[in-house]
Amino acid sequence: MDTFNSLLSRQNVIMTVEMHTSGEPTRIVISGYPPLLGTTLLEKRRYAKEHHDNIRRRLMLEPRGHAGMYGAILVQETELTRSGEADIGVLFCHNEGYSTMCGHATIALGRFLVDTRDLEMFPRRDTLRTVNGTTELRIHAPCGVIRVSVPFNSNEVTFLGAPSFVSKRGLLVDIPLNERGCISREQVTVDVAYGGAFYALVSVQQLGVKDNIAEAAAAIERLVNLKATQEEIIKHPTERDLEFLYGVIVTDKTQGGPRGELGLCFFAGGQVDRSPTGSGVMARVALAVEEGWLGIGTDEWWRYESVVSLQKDTLGFQGSAMELREEGIVVKVKGKANYTGASAFVCEEQDPLKDGFVLSFPE
Ligand SMILES: O=C(O)[C@H]1NCC[C@@H]1O
């Protein structure tokens with residue numbers, strides 16, 4: 001039988017730093033994760049899925065995690081760190097798998113990576129440039145390079161994401177009779193946009209949601225997925241691995257103040273984002289530009305709130321359209337992250353729940 005001390009002295013202890021961004025957690029894996037084979041970050045992402053998924057489950061699911069847990073696995077070497085286009089790589093993970101972009105985790109990582117002095121964890125830390133008290137870093141995420149600005153002595157981080165674009169405006173989704181328990185309309189208009197990951201965007205007014213918004217969002221996800229496959233809507237210009245519907249964001253412009261709106265993001269098979277969803281902000285800004293009410297390069301900021309940030313002033317994200325490129329619109333997102341702690345995770349071989357579990361009730 002293992003004692004706790006001997007478990008802690010083993011090599012397979014996983015150390016994490018814990019943060020939150022507007023209430024959404026980021027569990028940053030800082031040591032104990034095995035090396036990922038592959039030349040590119042997307043190859044390493046596939047390798048993590050195929051060979052180390054038990055570690056994701058262990059860290060995200062109960063009893064170590066919970067239904068809203070989110071993680072970031074640092075990847076020291078990628079094709080873009082080698083070419084000098086990025087300073088470090090990252091893989092994002094959650095209860096269901098691995099995402100391609102995450103704004104809230106980027107905000108947390110920005111702070112943490114600038115704070116750290118551990119060169120084993122972040123070998124290029126010393127090459128970062130600080131100008132007028134703001135440190136700049138480039139994080140290679142599966143969707144591309146994110147340029148992050150971290151001011152000294154502040155918890156507010158800004159990032160410029162990989163280009164965002166609208167895939168389909170005004171997609172008409174017929175609501176079949178069996179889904180009308182949660183959605184009161186016969187037809188709903190949905191927009192599909194990409195902000196490092198693909199989102200279905202639908203207003204709560206359009207949805208005519210009866211009482212269970214999570215059930216309505218899950219129905220929209222199913223129906224949009226069906227239509228998107230038929231009409232080839234979820235297409236990334238270069239990477240097949242990025243072609244999936246990551247989430248549904250239910251928006252409400254009647255809440256969030258005069259220059260803002262509320263959004264509730266359901267992603268990864270039912271996880272609910274506590275934050276205003278940074279990658280969702282990227283997608284929503286691209287849509288706002290296409291709808292013609294937000295300019296590009298005008299320094300106009302729009303506020304994006306979540307159900308948590310709405311209750312606490314100053315916790316929301318802000319988004320602005322910075323630049324139009326051939327691949328899409330470069331969006332700037334601003335938000336705040338705070339530390340909550342650090343953990344050392346162990347597991348005992350005899351533990352039948354060592355790789356985590358999802359709570360479900362027998363039918
Ligand atoms: O901020 C974001 O982009 C995200 N938060 C959880 C789901 C998304 O990845």
Side-chain angles (χ1 to χ4, degrees), residues 18-28 45 56 59-60 65-73 90-112 139 141-148 155-164 193-201 214 217-218 221 241-242 244-251 261-287 302-310 315-319 330-338 340:
E18 313 278 333
M19 300 184 75
H20 84 88
T21 312
S22 306
E24 179 73 359
T26 306
R27 174 160 285 171
I28 305 171
R45 181 170 174 267
R56 174 191 65 81
L59 295 175
M60 297 296 106
H66 53 74
M69 185 46 82
Y70 205 95
I73 300 159
V90 66
L91 293 179
F92 300 118
C93 61
H94 45 68
N95 270 234
E96 200 196 36
Y98 303 81
S99 58
T100 55
M101 170 60 194
C102 181
H104 92 268
T106 298
I107 291 166
L109 277 170
R111 270 198 84 188
F112 170 69
I139 300 178
C143 64
V145 176
I146 317 168
R147 288 173 286 156
V148 189
N155 63 354
E156 187 168 77
V157 171
T158 305
F159 70 83
L160 288 165
S164 303
Y194 174 86
F198 286 91
Y199 287 99
L201 309 171
E221 185 179 347
D241 285 16
L242 272 56
F244 62 95
L245 186 66
Y246 181 38
V248 174
I249 304 182
V250 181
T251 61
E261 64 187 73
L262 173 67
L264 187 53
C265 173
F266 297 89
F267 68 102
Q271 224 165 307
V272 184
D273 197 345
R274 276 67 172 157
S275 87
T277 312
S279 50
V281 168
M282 289 163 59
R284 286 154 80 190
V285 167
L287 180 65
W302 192 254
R303 282 186 67 84
Y304 293 88
E305 304 289 349
S306 68
V307 279
V308 176
S309 73
L310 208 55
L315 269 190
F317 289 178
Q318 292 181 61
V330 177
V331 177
K332 194 182 236 189
V333 181
K334 211 189 275 188
K336 291 177 179 165
N338 288 286
T340 55

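All values derive from a computational prediction rather than experimental measurement. One-based numbering, in listed order, for ligands and for the atoms of each. Hydrogens, waters and symmetry mates are skipped; everything else that's a heavy atom, side chains included, is used.
- Between atom 6 (C) of ligand 1 and the options Asp273, Ile249, Val272, Ile107, the minimum heavy-atom separation is to Asp273.
- Partner of Ser275 under the side chain to side chain contact (heavy atoms under 4.5 Å, CB included) criterion, out of His104, His20, Glu305: His104 alone.
- Annotation: side chain to side chain contact (heavy atoms under 4.5 Å, CB included) contacts of Lys336 (sequence neighbours excluded): Asn155, Glu156, Thr314.
- Contacts of Ser99 with ligand 1, taken as heavy-atom pairs under 4.0 Å, are absent altogether.
- Only side-chain heavy atoms of Tyr199 come within less than 4.0 Å of ligand 1; its backbone N, CA, C and O stay farther off.
- Side-chain contact check for Thr106 versus Phe92: some heavy-atom pair is nearer than 4.5 Å.
- In this structure, the side chains of Arg284 and Thr277 stay at 4.5 Å or more apart for every pair of heavy atoms.
- With hydrogens and angles ignored, the 3.5 Å screen pairs a side-chain donor or acceptor of Arg274 with a backbone N or O of Val272.
- Ligand-side atoms of ligand 1 in range of Gly278: 1 (O), 2 (C), 3 (O), range being under 4.0 angstrom from any heavy atom.
- Evaluated by nearest non-hydrogen atom to atom 9 (O) of ligand 1, the leading choice among Phe267, Tyr246, Phe317 is Tyr246.
- Against a heavy-atom cut-off of under 4.0 Å, Met101 is close to the following atoms of ligand 1: 9 (O).
- In this pair, Tyr70 and Phe267 present their aromatic rings tilted. The plane angle is within the 30 to 60° band.
- The shell of residues lying under 4.0 angstrom from ligand 1, judged by heavy atoms, excludes Met282.
- Not a single heavy atom of Phe92 lies less than 4.0 angstrom from ligand 1.
- For ligand 1, the polar-atom distance check against Gly103 finds a nitrogen or oxygen pair separated by under 3.5 Å.
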How far apart are the C-alpha atoms of Phe198 and Phe244, what are their side-chain angles, what is the distance that settles it, and do they pass the ring-ring contact (aromatic ring centres under 6.0 Å, His included) test? CA-CA 6 Å; Phe198 286 91; Phe244 62 95; 8.0 Å; no
